[in-house]
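Following: one structure in structure tokens, then a few remarks.
Whatever order the structure lists them in is the order used to number ligands and atoms, beginning at 1.
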Amino acid sequence: MELDLDKNPESRSKANNAPTVVGIIKEENDNRVALVPGSVPQLKKAGLEVLVENEAGVGAHYDNSSYEKQGAEIVARDEVFKKSNVIVSVKKPDAKTLTKLHAGQIFIGLLQPQINTELIETLRQKSITAISLDSINRRLSRAQTMDVLSSQANIAGYKAVLVAADTYGRYFPMMITAAGTAKPAGVLVLGAGVAGLQAMGTAKRLGALVFGYDVRPETKAEITSVGAKFVDLGEVSGSGEGGYARALTPEELARQQEALNAHISRQDIIITTAQVPGKKPPLLVTEEALQLLKPGSVIVDIAASDLGGNVAFSKPNETVVTKNGVRIVGAANLPSAMPASASDAFSGNLSSLLIYITKDGVCGIDTEDEIQRDIVICHQGEIVNKTIADLVNEKRGQL
Ligand code: NAD
């Protein structure tokens, strides 16, 4: 790979042969940390230096000494920003973090550039090189070790079932006791991507009767392979590009909602995971459907976000109880609720990427590279990702 070692001394330490310094910052409102101590030795082996903000790992149960033992240095937050060529984070930079970043620095995190176009424009203006891990092309086999979307969705799907089981007032499996027989819980999972399939498999292992549905008919084989029964709504089909779903038209969505109601009414637990890249999540469990559920039913909405979720009334990070006693858990950030495993996986993905872009101890950007051309969003004062550049220009035109 040909590295683009630009002459900017702040972004490239190559000029004086100094290794690239990678700085790990502490997340706001998230228990995860972008790199865990276990990743430090391989980064050092690649020639990188690692700085860690004081207590950056405590939310994920990694204390300062665990990083120091692996050869990282603990410093104050301001020092991380001052001394690092690359800042790594799980989440996008907030307003305070943005003021600390300086021209030529590389910022790596989950930026959701299709939604956060204003943030991307700010990063461009500040001449920050922005790398968005969620823009990775997951279909490239070389990029699979860097696929944070899958690693975090896998955790979300697993944890959603545990949250549902904990919130539900009955057993998941059939239970035959001297006091009588308890029926197994009926679990319906909507959306059969990475999170949905993991949720189906986990609910099955807990002994529930599991049903799975996705708007992409090709998911049938995957749903049955994890032990769930495929819910066939016949006419509604929404396969889009690259294995993702497309957004349904309002008419299609209304037909889908109606067809789903009959299935929803029979369940005790519903886990919703449906997403369409860059769009508002589709509403799958309507107000009408909620009324069909029994008191004590539980819905865990993984798609809950500020844009809306898959369930009427669901609110991110809140549990809403309907008048008929259905609990809707707005599970907006389940990976943060399982921070050690989520951070281990995130760190594995991120260190693969860091090592991939490192040569002789120096991180370099090559916007022609097959992997980097999707994830490098801004570089040297330009939005280099064509799709995002078009989106930002479109937004500018609307102002
Ligand atoms: P996602 O988070 O984008 O969406 C979750 C699921 O919601 C998807 O299966 C989608 O079809 C479904 N959905 C969207 N609108 C819906 C609606 N109206 N009703 C019902 N379901 C709806 O999905 P993901 O987990 O990111 O996976 C997306 C695709 O990427 C899948 O095809 C998956 O197999 C593929 N993938 C490929 C790789 C790889 O090749 N290495 C890795 C991970 C994922």
Side-chain angles (χ1 to χ4, degrees), residues 110 112 114-115 132-158 160 188-201 211-226 228 230-261 263-264 270-286 289 299-305 307-312 331-335 345 348-349 352 370-371 374:
L110 297 169
Q112 293 185 287
Q114 288 178 309
I115 296 168
S132 184
L133 287 168
D134 45 314
S135 299
I136 203 112
N137 181 350
R138 312 155 88 185
R139 303 210 145 211
L140 287 176
S141 55
R142 288 197 304 150
Q144 275 170 17
T145 55
M146 306 169 199
D147 182 2
V148 284
L149 287 178
S150 290
S151 73
Q152 303 302 294
N154 207 27
I155 285 170
Y158 171 80
L188 172 63
V189 180
L190 301 178
V194 178
L197 290 170
Q198 178 57 252
M200 289 174 214
F211 299 84
Y213 166 71
D214 198 286
V215 75
R216 294 178 295 120
E218 63 270 27
T219 54
K220 182 177 179 179
E222 289 165 313
I223 290 174
T224 48
S225 76
V226 294
F230 177 66
V231 172
D232 192 350
L233 297 191
E235 76 276 26
V236 189
S237 164
S239 303
E241 276 172 32
Y244 290 97
R246 65 175 170 86
L248 299 182
T249 63
E251 295 73 35
E252 285 174 320
L253 192 58
R255 262 194 292 142
Q256 183 191 36
Q257 287 165 345
E258 202 188 324
L260 266 178
N261 284 0
H263 295 275
I264 288 171
I270 299 172
I271 294 174
T272 58
T273 74
Q275 302 272 5
V276 177
K279 298 262 186 319
K280 189 176 179 305
L283 182 68
L284 300 180
V285 183
T286 59
I299 305 182
V300 177
D301 185 9
I302 299 184
S305 73
L307 294 176
N310 293 150
V311 184
N333 190 1
L334 287 173
N349 299 138
S352 286
E370 185 175 42
I371 292 178
D374 291 309

If the cut-off is 4.0 Å to any non-hydrogen atom of S150, which atoms of ligand 1 fall inside it? 42 (C), 43 (C)

Is T219 touching ligand 1 with its side chain, its backbone, both, or neither, if touching means heavy atoms under 4.0 Å apart? neither

Does N137 reach the side chain of I371, with side-chain heavy atoms less than 4.5 Å apart? no

Sequence neighbours excluded, which residues qualify as side chain to side chain contact (heavy atoms under 4.5 Å, CB included) partners of A303? Q275, P281, D301, N310

For ligand 1 and V276, I'd like to know whether there is a polar contact (N/O to N/O, distance under 3.5 Å). no

Of the non-hydrogen atoms in I302 and A195, which two are nearest, and what is the gap between them? CD1-CB, 4.3 Å

Under a 4.5 Å cut-off applied to non-hydrogen side-chain atoms, are I270 and V311 in contact? no

Y213 heavy atoms, cut-off 4.0 Å: which ligand 1 atoms fall inside? 19 (N), 20 (C)

Would you confirm whether any non-hydrogen atom of the protein falls under 4.0 Å from atom 43 (C) of ligand 1? yes

Tell me which protein heavy atom sits closest to atom 13 (N) of ligand 1, plus the residue, atom name and distance to 0.1 Å. A274 CB, 3.7 Å

Between Q275 and ligand 1, which residue portion shows a heavy-atom distance shorter than 4.0 Å: side chain, backbone, both, or neither? both

Any heavy-atom pair between the side chains of T145 and N349 that's under 4.5 Å? no

With nothing but distance in play, are any N or O atoms of P282 less than 3.5 Å from an N or O of ligand 1? no

Short list, please: which atoms of ligand 1 are under 4.0 Å from a heavy atom of Q256? 17 (C), 18 (N), 19 (N), 20 (C)

What do we get for L149 next to ligand 1 when only non-hydrogen atoms under 4.0 Å count, side chain, backbone, both or neither? neither

Kindly indicate whether the side chain of L133, heavy atoms from C-beta on, has any atom under 4.5 Å from the side chain of M146. no

Partners passing side chain to side chain contact (heavy atoms under 4.5 Å, CB included) against L283 (at least two apart in sequence or in another chain): Q257, T286, A312

Any side-chain heavy-atom pair of L233 and L260 under 4.5 Å: yes

Quick one: does L284's side chain get under 4.5 Å of Y213's, heavy atoms only? no

Please report which non-hydrogen protein atom sits nearest to atom 25 (O) of ligand 1, along with the residue it belongs to and the distance in Å to one decimal place. V194 N, 2.7 Å

Please report which non-hydrogen protein atom sits nearest to atom 3 (O) of ligand 1, along with the residue it belongs to and the distance in Å to one decimal place. Y244 CD2, 3.5 Å

Looking only at non-hydrogen atoms, which of R138, E218, R139 approaches atom 24 (P) of ligand 1 most closely? R138

Check: L188 and V231 side chains under 4.5 Å, non-hydrogen atoms: yes

Quick check on atom 22 (C) of ligand 1 - does any protein heavy atom sit closer than 4.0 Å to it? yes

Heavy-atom nearest neighbour in the protein, as seen from atom 29 (C) of ligand 1, with distance rounded to 0.1 Å: G243 O, 3.3 Å

Below a 4.0 angstrom heavy-atom separation, can you tell me which part of A192, side chain or backbone, both or neither, approaches ligand 1? backbone

Considering non-hydrogen atoms of the protein only, which is the closest contact for atom 16 (C) of ligand 1, and what is the distance? V215 CG1, 3.6 Å

Could you check atom 5 (C) of ligand 1 against the protein and tell me its nearest heavy-atom contact, residue, atom and distance included? T273 O, 3.3 Å

May I ask you to test the R138-L149 pair for a side-chain heavy-atom distance under 4.5 Å? yes

Output the list of atoms in ligand 1 that are nearer than 4.0 Å to some heavy atom of R216, sorted by atom number. 8 (C), 9 (O), 10 (C), 11 (O), 31 (C), 32 (O)

Flag for S132-Q112: side-chain donor and acceptor within less than 3.5 Å: no

Any nitrogen or oxygen of D214 lying under 3.5 Å from a nitrogen or oxygen in ligand 1? Just yes or no. yes

Give a yes-or-no answer on whether the side chains of N154 and Q198 include a donor-acceptor pair shorter than 3.5 Å. yes

Using a 4.0 Å cutoff against the non-hydrogen atoms of Q144, which atoms of ligand 1 qualify? 39 (C), 40 (O), 41 (N)

Among non-hydrogen protein atoms, atom 34 (O) of ligand 1 lies closest to E222 OE2, 4.3 Å

Looking only at heavy atoms, is any part of D147 under 4.0 Å from ligand 1, and if so is it the side chain, the backbone, or both, or is it neither? side chain

No-hydrogen, no-angle side-chain donor-acceptor test under 3.5 Å, T249 and E252: yes

Atom indices of ligand 1, in the order listed, that fall short of 4.0 Å to a heavy atom of A245: 10 (C), 11 (O), 13 (N), 14 (C), 15 (N)

